[in-house]
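So you know, we letter chains A, B, ... as the sequences are listed, proteins then strands, and number each from 1.
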Amino acid sequence: MKDSAVEVQNLSVRFGDFTAVDSISFAVRRGEVFGFLGANGAGKTTTIRVLCGLLRPSAGYGSVAGVALDAGEMAIKARVGYMSQKFTLYDDLTVEENLSFIAGLRKLDPAVYAKRRDSILAFITFQRPLNALIRDLPGGIKQQVALAASILHDPEVVFLDEPTAGVTPAARSRFWALIRDLARQGKTIFVTTHYMDEAEQCDRIALMRAGQIVALDTPARLKAEVFPEQLFELEAVSPVHYGDMDGLRDHPDVAFFEPYGMRFHVALRKTVGGENLRRELASRFRVQAISPTLEDVFIRTVEGERR
Amino acid sequence: MATSIAIRVHEVHKKLGTTQALAGVSLQFERGRMHGVIGPEGAGKTTLMRTVLGLLTPDAGSVGFYRDGVPLRFEEIRASVAYMPQTQSLYADLSIDEHLEFFRKLYGIDAAEYRARRKELLEITQLGPFVERAAGKLSGGMYKKLGLMCALLRSPEVMLLDEPTNGVDPISRREFWDLLYRLADRGILIIITTAYMDEAERCSVVHLIARGKTVAEGEPRELLARAHVSSFDQLFLRQDEVAS
């Protein structure tokens, strides 16, 4: 598969008797923005660490940017960039000091470094002095500099692990514009996030649960697959107690129930009971047909089998 | 709980170092509603929480507590106000049970009341099976629930939670909100801050904060309709455009 930037077959990672990643297989196309979602502890970060050459898989095959995972970690590391929510830049160093430190680690030639630095800072439209301390930058700018640092060595695949936690909506929107630009330039973006509106902007999404990939598709197709029934939003006509909804939550004809504050997303089974329930609900609630959000998809997929 | 607690924040200013963290913020919180203080990083949310709690003194303006409309001194209500800070001071090597025991002693709760409270809290948080587990070995969502449980040991009438769902996955977030709504059912005044704009819709009243001021308040859907936007992200993006 020549167009695959990341390819994984039956990849497993075990720590002692704990299986963190359980025989997963998938491929990411070159230039794709690939979202990697799952509950905390589902195995996302472990997978990323394997794909960055930081951790050896216990079993299975994988390649990143055309390099097999067993080709040696240095071969992989040269071709991937990594940015995590924490620990990316030194707060008490300047922008220039941080970038040149990373260039040193990456063994970039000084002339190449200066050129790359200037073009990347232009790309993120960085307009502050290069000798500004990282700790004096606003969260959004800091995050863009961290992105710049992760692509300084011109990697083919960029891994972003919860890159936008805690920054302003304006900064998040700007960051995603940069990500899409990078993808258009042919870089492959592999991103994890807990923000479902960001997941919405990915070309495809993989959902992980307990070490396995339980769903993988475009956001639109995932919604259609996971919700074959019509989804409704209920809003109480007269004030209700939250606890009063428990009867509906546990109702045998309710296929999905998710509170959004005091509004409730509900899917009913395609049964006679479900149809009766719909009529009954219409007398107590304002009922509106809606399309599922990715949050609904996430919850039903990741948690669904528990009910 | 038959009484009704309200908090009024009036024109509060607070400077921290060279930053004007609060620049004349006014808000009102009332019992029986889930209040969301929504705003991006640096908007002044934490400073506001700490000022309401009396941990910071306003440079100007006032914070007032009321029971059934009658003003209270903060000392009269202090024991009924619980706070869950953003970064929690839990002990990594103490178990859930040891934490509860520690906070029981700290708050001087009597044994019978403690037993009933402990049982109830373990039930609603579903942490019962994990009482022996050390806090350092809990998942992010469970750790937050333990923090909440410690804050709830004293049967508060008012709860302030500072970004309790930050960095927590959607499943744990939903469990946490579920818990909060069950507490609100019992008549506890809940004030929660969040930087997740999509969580704004889960509150019954939202107070949008930016640059130390309230920029909008009201029922979430009404606010969006009034501003002709479909999400709180868009609403804040517009604020930024106006400001720049």
Engineer: Mind checking the CD1-CZ spacing from B:Ile171 to A:Arg209? Nearest 0.5 Å is all I need.
Structural biologist: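 Separation between the atoms: 9.5 Å.
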Engineer: Determine whether more than 12 heavy atoms belonging to other residues, nucleotides or ligands lie under 6.0 Å from atom CZ of A:Arg204.
Structural biologist: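 Correct, the count exceeds 12.
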Engineer: Any pair with a residue in residues 206-227 of chain A that passes ring-ring contact (aromatic ring centres under 6.0 Å, His included), sequence neighbours left out, goes on the list, sorted by first then second residue, please.
Structural biologist: A:Phe227-A:Phe256
Engineer: So, using salt bridge (Lys or Arg N to Asp or Glu O under 4.0 Å) as the criterion, who are the partners of B:Arg221 when residues are at least two apart?
Structural biologist: A:Glu233, B:Glu201
Engineer: Name all residues meeting the side-chain contact (heavy atoms from CB on, under 4.5 Å) criterion together with B:Arg154; count only those two or more places apart in sequence or in a different chain, and write none if there are none.
Structural biologist: B:Ala79, B:Tyr107, B:Ile109
Engineer: Around B:Lys213, counting heavy atoms of other residues, nucleotides and ligands shown, do more than 12 lie under 6.0 Å from its NZ?
Structural biologist: no
Engineer: Within the side chain of B:Asp185, is there an N or O that forms a donor-acceptor pair under 3.5 Å with the backbone of A:Tyr242?
Structural biologist: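 Present.
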Engineer: Kindly give the heavy-atom pair with the smallest separation between A:Arg263 and B:Glu219, and that separation in Å.
Structural biologist: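 A:Arg263 and B:Glu219 have their closest heavy atoms at NH2-OE2, 3.1 Å.
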Engineer: Determine whether A:His194 and B:Thr165 make a side-chain contact, defined as any pair of heavy atoms from C-beta on separated by less than 4.5 Å.
Structural biologist: no
Engineer: Using a 4.5 Å heavy-atom cutoff, which residues in residues 196-203 of chain A come close to chain B?
Structural biologist: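 Hits under 4.5 Å: A:Met196, A:Asp197.
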Engineer: Using 0.5 Å steps for rounding, measure from the CZ atom of A:Arg172 to the CG atom of B:Leu237.
Structural biologist: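 Interatomic distance, A:Arg172 CZ to B:Leu237 CG, rounded to 0.5 Å: 9.0 Å.
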Engineer: Could you report the tightest heavy-atom contact between A:Glu295 and B:Pro170, atom names first, then the distance?
Structural biologist: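 In this case the closest contact between A:Glu295 and B:Pro170 is OE2-CB, 3.9 Å.
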